[in-house]
S.K.: 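Pasting in a structure now, in structure tokens, and then I'll have a few things to ask.
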There are 2 protein chains.
Amino acid sequence: MLRMRKSTVRPPEGLCPIGTCMQVLGGAWTPNIIWYLSEGPRRFSELKADMAPISAKVLSSRLKELEQKGVISRQVLDTSPPSVEYALTSLGGELVPAIRAIAKVGYRLKQEGGTGRPAPR
Amino acid sequence: MLRMRKSTVRPPEGLCPIGTCMQVLGGAWTPNIIWYLSEGPRRFSELKADMAPISAKVLSSRLKELEQKGVISRQVLDTSPPSVEYALTSLGGELVPAIRAIAKVGYRLKQEGGTGRPAPR
DNA sequence: CTGTATCCTGTAGGATACTG
DNA sequence: CAGTATCCTACAGGATACAG
């Protein structure tokens with residue numbers, strides 16, 4: 001259900017700095033995770049709910065990756081039942097402007113829908 | 001050769017604006033294309049060379065997609081042999097800051113390499 | 001030079017079931 | 001609740017060959 005478009009997101013890395021970062025937000029849902037965490041810390045199930053049809057497996061692995069890269073932090077709260085809170089690290093916070101920039105253009109793109117005005121050279 | 005990491009890049013779109021834009025720069029190499037075009041118009045073979053091991057097929061389809069979305073323009077110059085010049089449209093130009101933001105964080109990410117300082121809450 | 005047509009493969013990620 | 005373990009498959013994209 002909900003087949004998602006795939007794409008390779010790892011150009012050689014040496015070419016330009018893009019690759020490096022795309023490795024971070026290249027994964028499916030990754031930008032969304034950052035997005036939602038930018039509004040404040042959030043628990044696993046909350047994120048899961050936020051992101052509707054994401055599978056636990058994928059959410060879990062994206063979170064693990066991001067944690068390992070120092071983009072988010074994971075804190076186990078010893079409540080019962082146990083809950084885990086994820087939050088952006090300061091490094092992760094730096095991604096937010098980038099994400100917002102992307103989102104901003106996303107809007108325009110959706111509006112213009114492919115008008116394709118020639119470049120203003 | 002040069003196996004590239006794949007990832008789905010199309011979260012439901014309704015969730016947050018990210019999806020919309022990730023559809024644009026989600027494809028492999030796509031950010032790089034924008035990146036190189038941001039330095040000025042460029043021909044097919046130049047881009048191909050810029051991006052080293054990209055296959056003609058992929059470059060071609062990415063370019064076609066981007067053109068269709070109004071992000072780049074394609075102009076056939078009637079030289080002999082014929083050459084084609086690609087350039088960012090004004091809309092495409094708006095992607096550049098986003099890309100740069102991504103690139104910027106890319107550097108940091110590479111440097112810090114996963115220090116993972118806890119969030120400053 | 002600028003692509004398109006095929007064929008083939010790896011792998012991201014969905015579904016589902018199960019654990020602490 | 002917060003995951004992990006399996007199994008499975010669609011599809012992005014590499015290689016190669018060919019075309020205008």
Side-chain angles (χ1 to χ4, degrees), chain A residues 1-12 19 22-33 37 41-68 72-87, chain B residues 1-12 19 22-33 37 41-68 72-87:
Chain A
M1 172 248 193
L2 224 192
R3 289 273 136 234
M4 302 187 53
R5 181 167 153 237
K6 297 181 186 176
S7 52
T8 51
V9 187
R10 201 153 68 75
M22 287 315 273
Q23 281 170 56
V24 174
L25 22 93
W29 305 101
T30 309
N32 290 69
I33 293 176
L37 286 182
R42 219 140 168 72
R43 294 185 308 119
F44 187 88
S45 57
E46 290 176 322
L47 285 172
K48 177 107 171 51
D50 287 339
M51 307 169 71
I54 192 178
S55 65
K57 175 193 162 191
V58 171
L59 178 54
S60 173
S61 34
R62 289 295 80 81
L63 287 171
K64 201 177 294 179
E65 282 179 21
L66 290 174
E67 187 197 357
Q68 208 180 342
I72 66 177
S73 63
R74 192 187 104 112
Q75 184 175 10
V76 182
L77 311 173
D78 66 338
T79 58
S80 161
S83 57
V84 182
E85 202 168 77
Y86 293 90
Chain B
M1 172 250 195
L2 224 193
R3 290 273 136 232
M4 302 188 54
R5 182 168 152 235
K6 296 182 187 178
S7 52
T8 50
V9 188
R10 200 155 65 78
M22 286 315 272
Q23 281 170 56
V24 174
L25 23 92
W29 305 101
T30 309
N32 290 69
I33 293 175
L37 286 183
R42 221 141 166 72
R43 295 186 307 119
F44 188 87
S45 57
E46 289 175 323
L47 285 171
K48 178 106 172 52
D50 287 338
M51 308 170 71
I54 193 177
S55 64
K57 174 193 163 191
V58 171
L59 178 53
S60 173
S61 34
R62 291 293 81 81
L63 287 171
K64 202 178 294 180
E65 282 179 20
L66 291 174
E67 187 196 358
Q68 208 180 342
I72 66 176
S73 63
R74 191 187 105 112
Q75 185 176 8
V76 182
L77 311 173
D78 67 337
T79 57
S80 160
S83 56
V84 182
E85 201 168 76
Y86 293 91

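Each chain gets a letter, A, B and so on, in the order its sequence line appears, and its residues count up from 1.
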S.K.: Could you tell me the separation between the CG atom of Leu59(B) and the P atom of dC1(C), rounded to a whole number of Å?
M.R.: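 Roughly 13 Å, once rounded to whole Å.
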
S.K.: Starting at NZ of Lys48(B) and ending at P of dC1(C), how long is that distance when rounded to a whole Å?
M.R.: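 Result: 11 Å.
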
S.K.: Please enumerate all protein N or O atoms sitting under 3.5 Å from an N or O of nucleotides 3-6 of chain D, with distances to 0.1 Å.
M.R.:
{"unit_1": "dG3(D)", "atom_1": "OP1", "unit_2": "Arg74(A)", "atom_2": "NH1", "d": "2.2"}
{"unit_1": "dG3(D)", "atom_1": "OP2", "unit_2": "Tyr86(A)", "atom_2": "OH", "d": "2.5"}
{"unit_1": "dT4(D)", "atom_1": "OP1", "unit_2": "Lys64(A)", "atom_2": "NZ", "d": "3.0"}
{"unit_1": "dT4(D)", "atom_1": "OP2", "unit_2": "Ser60(A)", "atom_2": "OG", "d": "2.6"}
{"unit_1": "dT4(D)", "atom_1": "OP2", "unit_2": "Lys64(A)", "atom_2": "NZ", "d": "3.4"}

S.K.: Please report, rounded to the nearest Å, how far the P atom of dC1(C) is from the CG atom of Leu47(B).
M.R.: 13 Å

S.K.: Rounded to whole angstroms, how far apart are CZ on Arg62(B) and C1' on dG3(C)?
M.R.: 15 Å

S.K.: Return the value, rounded to whole Å, for the distance between atom CG of Asn32(A) and atom C1' of dG13(C).
M.R.: 15 Å

S.K.: Does Glu65(B) form a side chain to side chain contact (heavy atoms under 4.5 Å, CB included) with Gln68(B)? I'd like the steps, not just the answer.
M.R.: CA-CA 5 Å; Glu65(B) 282 179 20; Gln68(B) 208 180 342; 5.6 Å; no

S.K.: Find which nucleotide of DNA chain C each of Pro82(A) and Ile54(A) is nearest to by heavy atoms, and output the residue with the more 5' nucleotide.
M.R.: Ile54(A)

S.K.: Let's go through Lys64(A) and Glu67(A) carefully: what are the C-alpha distance in whole Å and the side-chain angles of both, what is the deciding distance for salt bridge (Lys or Arg N to Asp or Glu O under 4.0 Å) to 0.1 Å, and is it a yes or a no?
M.R.: CA-CA 5 Å; Lys64(A) 201 177 294 179; Glu67(A) 187 197 357; over 6 Å; no

S.K.: To the nearest 0.5 Å, what is the distance between CE on Met51(B) and CG on Leu59(B)?
M.R.: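 Atom-to-atom, Met51(B):CE and Leu59(B):CG are 6.5 Å apart.
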
S.K.: Roughly how far, to the nearest 0.5 Å, is CG of Leu37(A) from CG of Leu47(A)?
M.R.: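 Taking CG in Leu47(A) and CG in Leu37(A), the distance rounds to 5.0 Å.
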
S.K.: Measure CD/Glu67(B) against P/dT2(C) and give the value in whole Å, please.
M.R.: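 Spelled out: CD on Glu67(B) to P on dT2(C) is 15 Å.
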
S.K.: Which heavy-atom pair separates Ile54(A) from Lys48(A) by the least distance, and what is that distance?
M.R.: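 Of all heavy-atom pairs spanning Ile54(A) and Lys48(A), the closest is O-NZ, 2.9 Å.
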
S.K.: May I ask you to evaluate whether Ser55(B) reaches the phosphate of dA15(D), defined as a side-chain N or O under 4.0 Å from OP1 or OP2?
M.R.: no

S.K.: Output the rounded distance in Å from CG (Asp50(B)) to P (dT2(C)).
M.R.: 12 Å

S.K.: Does a side-chain N or O from Ser83(B) land closer than 4.0 Å to OP1 or OP2 of dC1(C), or not?
M.R.: no

S.K.: Are Arg43(B) and dC1(C) close enough that a side-chain N or O sits under 4.0 Å from OP1 or OP2?
M.R.: no

S.K.: Any side-chain heavy atom of Trp29(B) within less than 4.5 Å of one from Pro53(B)?
M.R.: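 In contact.
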
S.K.: Output the rounded distance in Å from CD1 (Ile33(B)) to P (dG13(D)).
M.R.: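 Value for this atom pair: 10 Å.
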
S.K.: Not counting sequence neighbours, which residues clear side chain to side chain contact (heavy atoms under 4.5 Å, CB included) with Val84(A)? List them please.
M.R.: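 Val84(A): side chain to side chain contact (heavy atoms under 4.5 Å, CB included) contacts with Arg74(A), Val76(A), Tyr86(A).
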
